[in-house]
Each structure stands twice: as structure tokens, then as C-alpha cells.
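To start, the structure under review is shown below, and the notes come after it.
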Amino acid sequence: MPRLSEVIAALENLWPAERAESWDAVGTVVGDPDQEVSRVLFAVDPVQEIVDEAVKLGADLLVTHHPLYLRGTTTVAATHFKGRVVHTLIKNDIALHVAHTNADTADPGVSDALAGALDLRVTGPLVPDPTDPEGRRGLGRVCALDHPLTVREFAARAAERLPATAQGIRVAGDPEALLRTVAVSGGSGDSLFDHVHAAGVDAFLTADLRHHPVSEAIAAHSPLALLDAAHWATEWPWCELAASQLDEISDRHGWDLRVHVSKTVTDPWTAHAAATTSDPLGAPN
């Protein structure tokens with residue numbers, strides 16, 4: 001069995017910490033470099049529910065996309081929910097490693113996995129990484145459809161292919177507009193509208209879209225269609241991609257790691273009530 005330091009070195013080769021945004025908090029949060037690793041669990045969120053799953057699974061390493069402490073802390077006391085996560089990990093000899101924005105821009109990365117889940121053909125990054133001479137790394141992906149779909153049909157595909165959440169898929173724009181090219185970005189994406197416009201795509205699928213940016217983007221870049229999925233759902237496909245990458249590394253090194261992907265839904269939204277107004281074109285009195 002490999003030591004944690006060996007597995008982390010392999011993960012850092014996939015997602016170098018120096019490629020993370022300056023504000024980000026990536027890398028190993030908990031773990032003894034000399035401990036042996038035989039079982040690894042991938043998940044989006046380092047929350048107690050996932051840590052308990054790792055304990056039950058007998059995992060030695062938990063790899064998550066989201067950081068545990070993005071803005072730092074002065075305590076890991078178990079009286080706080082993040083402190084309880086740390087205590088549970090240490091008591092059960094489970095290491096925690098985070099790959100966040102360094103996985104977003106990787107080749108392949110979070111948006112490649114999202115595009116793959118939606119059966120899209122990636123043609124390049126939406127926001128290219130200027131340090132990549134091959135022009136493959138960067139934030140988001142510009143994609144082509146194998147055959148044109150209406151916005152409505154593409155939204156239905158996204159609802160079917162992405163993990164189910166209470167939110168589902170929200171659409172801004174003409175549902176019957178025909179799509180040939182689509183940009184995607186896993187996670188929050190409404191800061192990328194200028195890049196989406198410059199790419200000249202027919203639609204943009206991402207998460208966490210807000211009222212004012214969407215209203216302005218539709219007005220400025222019509223007939224652009226926007227599709228808003230749940231944040232967790234757009235990033236979960238990366239877990240499967242990352243697990244397959246570690247599986248390949250394990251086979252190559254003869255490590256015989258057992259690699260798992262959590263299917264636990266950690267999207268914070270738990271229910272959705274559809275509007276029932278009798279006049280869909282007017283606000284209630």
C-alpha cells in the first residue's frame with residue numbers, strides 16, 4: 001500500500017496547488033504523510049455526512065472539491081461543525097485533501113466532466129489559462145452538440161444526465177431556440193458572461209445564476225440562452241472523473257487502491273414548490 005505522501009504527490013501532479021486562485025485554500029487539510037492508504041473516497045463537500053460515510057466505508061483518504069476552511073479559522077473545537085469534521089477525521093485516521101480551482105482549470109477538469117455528462121464535445125476552454133502553451137487548460141469549456149437541440153430539449157437532457165436535485169434546471173431565454181454550441185462551467189458562473197458572449201455560443205449552462213446578472217446578460221447578448229443547474233450537481237461529475245484518474249495511477253504503480261465516489265446528495269436545497277398562479281404572465285395581486 002502507498003503512503004499518503006505518495007498518493008498526495010500523484011494528486012498534486014493532476015491538480016498542482018500553484019494553479020489554484022490566490023484566494024483559494026487547496027491541498028492537504030488533515031493527514032499524516034507516513035500513514036498507509038488503501039481506500040479513497042471522492043466527494044464534492046467536506047461536510048459531516050460525507051465524513052461519516054468515509055468512516056463507515058473504512059476510507060483512509062477523503063478527497064473533496066470544496067475546501068473545508070476557505071476563509072481560515074482560529075479554532076477546530078468540536079463545538080463547531082467544521083471542528084467536528086476535523087475531530088472525526090483525525091480520530092479515524094482519515095486524511096482530507098482538497099482540489100478546488102486547481103481542478104476547475106485542469107485538463108481534464110471540472111468542466112470537462114460536466115461536458116462529458118451532458119454528451120457535449122469540448123472544443124476549448126472558455127477562459128484560457130495564459131500559462132498553458134497548448135491552450136487546453138482554463139476555466140469553463142466551449143462545446144459543440146453532435147446535432148442541434150432546442151433549449152427545452154437541452155434542458156431536459158441536463159435534468160436527466162446530472163444528479164437529481166430539488167432545483168432541477170432553470171432556463172432563461174426562448175425555450176424553442178435552436179442550439180448548436182454551448183459553454184459550460186461547473187459551479188458559480190455568472191461572472192463569465194463577457195467570456196460567454198465573446199465565445200459566440202448559443203447557450204451557457206452553469207450554476208448559482210442571480211437575477212440582475214442574468215437579466216442584463218439576456219438583454220445585452222440576446223438570443224443567448226442561460227441554463228442554471230444546482231452548484232453541487234454541476235461539480236459532482238468531476239468526482240467520477242477524478243476517481244478514474246486515480247484508479248489509472250493506482251494500476252500503473254501497482255498500488256491496488258480501492259477508489260469510491262460518494263453518491264450522497266449534499267446540495268443544501270431539499271425541496272421545490274412549483275409556481276401555481278393561474279396567470280403565468282402576471283404577478284399575484
Side-chain angles (χ1 to χ4, degrees), residues 4-31 33 37 40-47 50-51 61-74 76 82 85-86 89 94-116 122 124-142 183-192 194-196 206-208 231-246 248-249 259 261-262 266:
L4 176 64
S5 58
E6 296 176 282
V7 179
I8 294 302
L11 298 182
E12 287 283 359
N13 189 53
L14 293 174
W15 318 299
E18 61 268 21
R19 291 186 187 151
E21 296 289 340
S22 59
W23 50 264
D24 207 358
V26 302
T28 305
V29 181
V30 171
V37 175
V40 183
L41 177 65
F42 282 85
V44 175
D45 296 302
V47 294
I50 295 298
V51 173
L61 171 61
L62 171 62
V63 181
T64 65
H65 183 51
H66 289 152
L68 178 62
Y69 289 107
L70 184 58
R71 294 176 176 83
T73 187
T74 59
V76 292
K82 292 191 177 184
V85 164
V86 173
L89 290 167
I94 302 172
L96 171 62
H97 186 80
V98 173
H100 192 212
T101 53
N102 49 332
D104 285 334
T105 58
D107 171 36
V110 171
S111 293
D112 292 291
L114 175 57
V122 173
L126 178 62
V127 186
D129 180 347
T131 68
D132 178 19
E134 295 184 5
R136 296 176 61 88
R137 293 197 309 266
L139 191 61
R141 294 294 183 265
V142 176
V184 299
S185 184
S188 303
D190 63 14
S191 65
L192 303 178
D194 287 344
H195 297 281
V196 170
T206 186
D208 298 340
H231 189 120
W232 172 84
T234 64
E235 293 179 333
W236 185 84
W238 171 80
C239 295
E240 291 195 321
L241 168 64
S244 68
Q245 289 177 287
L246 183 56
E248 189 277 328
I249 292 169
V259 183
V261 174
S262 173
T266 55

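No hydrogens, no waters, no symmetry mates; every other heavy atom, side chains included, goes into these values.
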Throw together a table of side-chain donor-acceptor distances under 3.5 angstrom for residues 232-244, partners on residues two or more places apart or in other chains.
unit_1, atom_1, unit_2, atom_2, d
Trp232, NE1, Thr266, OG1, 3.2
Thr234, OG1, Gly187, N, 2.9
Thr234, OG1, His231, O, 2.9
Glu235, OE1, His66, NE2, 2.7
Glu235, OE1, His231, NE2, 3.1
Glu235, OE2, His65, NE2, 3.3
Glu235, OE2, His231, NE2, 3.2
Trp236, NE1, Ser262, O, 2.8
Ser244, OG, Leu241, O, 2.6

**Report entry** Counterpart residues, side-chain contact (heavy atoms from CB on, under 4.5 Å), relative to Glu134 (two or more places apart)
**Finding:** Asp132, Arg136

Report task. Among residues two or more places apart or on two chains, list those pairs meeting side-chain hydrogen bond (donor to acceptor under 3.5 Å, both in side chains) that have a residue in residues 21-30. Result -> Asp24-His100, Asp24-Thr101, Thr28-His97

Report summary line: For Thr105, the side-chain contact (heavy atoms from CB on, under 4.5 Å) test, sequence neighbours excluded, returns Leu139

Query raised in the report: How far does CG of Leu68 sit from CG of Asp45, to the nearest 0.5 angstrom?
Result: 10.5 Å

Report summary line: Residues passing the salt bridge (Lys or Arg N to Asp or Glu O under 4.0 Å) test with Arg19, sequence neighbours excluded, are none

Report summary line: d(Asp112 CG, Leu114 CG) to nearest 0.5 Å is 9.5 Å

**Report entry** salt bridge (Lys or Arg N to Asp or Glu O under 4.0 Å) pairs, two or more places apart, involving residues 65-74
**Finding:** none

Report summary line: Between the CG atom in Leu61 and the CG atom in Leu96, the distance rounded to the nearest 0.5 Å is 8.0 Å

Donor-acceptor pairs are to be reported for all side-chain atoms of residues 5-12 against protein atoms at under 3.5 Å, with residues two or more places apart or in another chain.
unit_1, atom_1, unit_2, atom_2, d
Ser5, OG, Pro33, O, 3.4
Glu6, OE1, Arg3, N, 2.8
Glu12, OE1, Ala17, N, 3.1

**Report entry** Sequence-distant partners of Ala115, side-chain contact (heavy atoms from CB on, under 4.5 Å), two or more places apart
**Finding:** Leu120, Val122, Cys143, Val184

Query raised in the report: Who are the side-chain contact (heavy atoms from CB on, under 4.5 Å) partners of Thr131, not counting sequence neighbours?
Result: Asp129, Arg137

